[in-house]
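Working notes, beginning with the structure itself.
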Amino acid sequence: MLDIKIIRENPQFVKEQMAKLQAFDAPVDQVLALDEERRSILVQVEELKARRNAESKRIGQLLREGRSEEADALKAEMAQVAATIEALDARLKEVDAALFDAMSRIPNLPLPSVPVGKDDSENVVVRTEGRFREFDFPPLPHWELGEALGIIDFERGVKLSGSRFYVLKGLGARLQRALITWMLDVHIHEHGYTEVYPPFVVREHCLFGTGNLPKFGDNLYRDVEDDLWLIPTAEVPVTNLYRDEILPPGSLPIYHVAYSPCFRRERMSAGKDVRGIKRGHQFDKVEMVKFVEPEQGEAELEKLIADAEDICRRLDVPYRLVQMCTGDLAFAAAAKFDLELWAPGCGEWLEVSSCSLFNDFQARRANIRYRPAEGARPRYVYTLNGSGLALPRVMIAVLENYQQRDGSVVVPEVLRPYMGGVEVIR
RNA sequence: GGAGGGAUGGCCGAGCGGUUUAAGGCGGCUGUCUUGAAAACAGCUGUGGCAGCAAUGUCACCGGGGGUUCGAAUCCCUCUCCCUCCGCCA
């Protein structure tokens with residue numbers, strides 16, 4: 001949610017930003033009109049309420065003094081006022097709801113540093129790092145490797161739950177668990193994050209807080225009976241931890257890391273990435289979430305990226321950092337960088353992390369504030385999050401980069417302590 | 001799932017239709033006194049919206065929503081959450 005004052009005071013600027021974002025459906029003019037109407041009603045209705053409050057008190061006084069005739073006359077007069085108030089309040093409620101809805105559909109403003117572009121083709125590769133391995137045999141895609149090793153079972157996954165589900169077995173399951181634990185340990189012990197184990201189903205307002213609703217409900221699973229939603233990422237419960245709170249002075253910055261499964265319907269991507277484990281309806285992820293002071297936003301984003309990048313580097317897999325252009329920016333993000341691992345088997349760069357700075361956009365929606373100093377007025381925090389990292393795609397990168405001619409896969413050095421010392425999956 | 005009891009300001013806790021601008025206490029802040037501190041005494045004490053250059057004014061908020069009334073923390077309906085007991089359960 002944007003600060004409505006920005007729209008009110010500088011609508012032209014906001015419209016230009018919306019054009020950069022390709023957000024041509026953003027209801028800026030609607031917001032302006034509704035805001036004006038709202039304020040005009042407020043002025044009228046508040047004046048009437050002030051009068052009613054004063055006269056009601058007067059009625060009480062008259063009754064106590066036994067002047068019931070005067071009281072009755074005043075009552076009759078106030079009944080008229082009350083009726084007018086009721087009508088104005090009803091209209092105000094409609095306007096408020098419409099304004100809220102319109103505001104909810106306006107995306108965040110991009111930082112000035114975000115490159116302007118129409119879609120993902122204009123994203124900018126910031127840098128490419130790591131050692132590309134030379135293969136003296138044609139590297140296989142992970143779906144062939146995994147199936148041959150008996151560690152990924154696609155058919156039975158489909159039997160259980162339909163397309164885009166798979167089963168990990170034996171050292172495949174172990175490898176994923178090792179990655180999760182290792183990543184968590186690195187972030188907790190070396191990057192200063194506090195681990196969180198959140199609920200994996202949440203109520204609707206949590207999804208509103210992070211910006212997934214109302215616009216992106218199509219991609220979510222929902223339990224209609226209890227009105228709970230399966231989380232598409234741990235970002236949702238973790239960001240909402242401090243919803244409707246005013247954090248006391250000295251609380252910031254807060255760094256959290258959480259492991260969670262993620263559930264996505266992926267209806268928007270029907271037919272895309274159907275092979276392998278790149279895009280499933282359920283996947284695991286380690287997610288970092290930060291709450292920081294506004295002045296620290298951009299510096300914290302850089303540190304967040306560095307923390308995610310550290311995982312890639314230690315895995316010794318080639319990766320690149322890509323900055324999203326305005327046309328490819330997520331709804332709630334002010335800036336967003338992806339980390340992509342190279343997968344030589346399927347010949348693709350795999351998005352394993354998405355690091356975003358939201359400024360106060362999510363904090364407004366979720367009402368997360370902090371008090372800069374004792375007695376100071378509350379301010380909205382800035383929120384950030386980034387994957388650290390998404391498991392299936394890291395698994396793909398490990399399997400494909402560490403494969404050997406005989407179809408076995410070497411376990412990366414850093415994971416061996418988490419694999420009971422296993423050095424090769426064969 | 002069944003039965004009952006609750007939800008009031010940072011915290012505790014009164015209030016059950018109109019001198020409540022939410023009593024009182026605790027905590028916190030400021031001041032007086034003091035060499036300093038404590039104690040005592042006095043004053044202050046939340047969030048948001050709107051109008052205004054500002055001082056300030058005004059409205060809303062007693063778990064959420066709706067209703068009754070000239071007037072609701074207070075009465076009615078409804079939802080959510082918490083607690084106690086029973087049942088079931090990894």
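The main-chain N or O of A/Ile6 is never found under 3.5 Å from a side-chain atom of A/Asn10 such that the two would form a donor-acceptor pair. Formation of a donor-acceptor pair under 3.5 Å by the A/Arg164 side chain with backbone atoms of A/Arg279 is found in this model. Of the possible polar contacts, none joining the A/Asn108 side chain to the A/Phe361 backbone as a donor-acceptor pair under 3.5 Å is found. With A/Gln362 contributing its side chain and A/Thr210 its backbone, the two residues share a donor-acceptor pair below 3.5 Å.
When all heavy atoms are compared, the tightest approach of A/Trp229 to A/Gly217 is CZ3-O, 4.3 Å.
If you take CD1 of A/Ile41 and C1' of B/C59, they are 15 Å apart, rounded to a whole angstrom. Across the protein-nucleic acid pair, A/Leu48 atom CG and B/A60 atom C1' stand 15 Å apart, rounded to whole Å. Whole-Å rounding puts the A/Lys75 NZ to B/G17 P distance at 16 Å. Between A/Arg371 atom CZ and B/G28 atom P the separation is 16 Å, expressed in whole Å. Taking atom CZ of residue A/Arg243 and atom C1' of nucleotide B/U47, one finds them 17 Å apart after rounding to whole Å. For the pair A/Ile85 CD1 and B/U69 P, the interatomic distance rounds to 14 Å; values are reported in whole Å. Atom CG of A/Asp89 and atom C1' of B/U69 are 15 Å apart (whole Å). To the nearest angstrom, P of B/U47 lies 14 Å from CG of A/Leu247.
Judged by the 6.0 Å and 45° rule, A/Arg365 forms a cation-pi pair with A/Phe208.
Ring pair A/Tyr242/A/Tyr370: centre-to-centre distance not below 6.0 Å.
Here the separation of B/C44 from B/G48, taken at their P atoms, is 22 Å to the nearest Å. Between B/A55 and B/U69, the two P atoms lie 41 Å apart (nearest whole Å). Comparing B/U74 with B/C61, their P atoms are spaced 10 Å from each other, to the whole Å. The same atom, C1', is picked in B/G24 and in B/G9; the two are 14 Å apart, to the nearest Å. Across the C1' atoms, B/C81 and B/G64 are found 10 Å apart, a figure rounded to whole Å. Straight-line distance between the C1' atoms of B/U45 and B/C11: roughly 14 Å, to the nearest whole Å.
Dashed line: the shortest gap from a side-chain N or O of A/Asn53 to OP1 or OP2 of B/C59 is under 4.0 Å. One finds a side-chain N or O of A/Arg8 lying less than 4.0 angstrom from the OP1 or OP2 phosphate oxygen of B/C50. A close approach under 4.0 Å does occur between a side-chain nitrogen or oxygen of A/Arg377 and OP1 or OP2 of B/G48. In this model, the phosphate group of B/G66 is approached by a side-chain N or O of A/Lys93 to a distance below 4.0 Å at OP1 or OP2.
Between A/Met78 and A/Ser56, the one whose closest nucleotide on RNA chain B sits nearer the 5' end is A/Ser56. Both A/Ile59 and A/Arg64 sit near RNA chain B, but only A/Arg64 has its closest nucleotide nearer the 5' end.
Here the side chain of A/Arg38 is nearest to one of B/C50, B/G48, B/C59, namely B/C50. Set against B/A60, B/C50, B/U21, the side chain of A/Arg52 has B/A60 as its closest nucleotide. Comparing B/C59, B/C81, B/A51 by their closest approach to the side chain of A/Arg203 singles out B/C81. The side chain of A/Ile246 lies closest to B/U47 when the candidates are B/C50, B/U21, B/U47. Listed nucleotides: B/U80, B/C50, B/C70. Nearest to the side chain of A/Ala82: B/C70.
Judged by distance alone with a 3.5 Å cut-off, a donor-acceptor contact links the side chain of A/Glu46 to the base of B/G49.
Across all strands, A/Arg58 comes closer than 4.0 Å to no nucleic acid atom at all (heavy-atom distances). If you check every strand for non-hydrogen atoms under 4.0 Å, A/Pro378 touches sugar and phosphate atoms only.
Across all strands shown, the partner of B/G1 is B/C86, judged by Watson-Crick or G-U wobble contacts whose two distances both fall under 3.5 Å.
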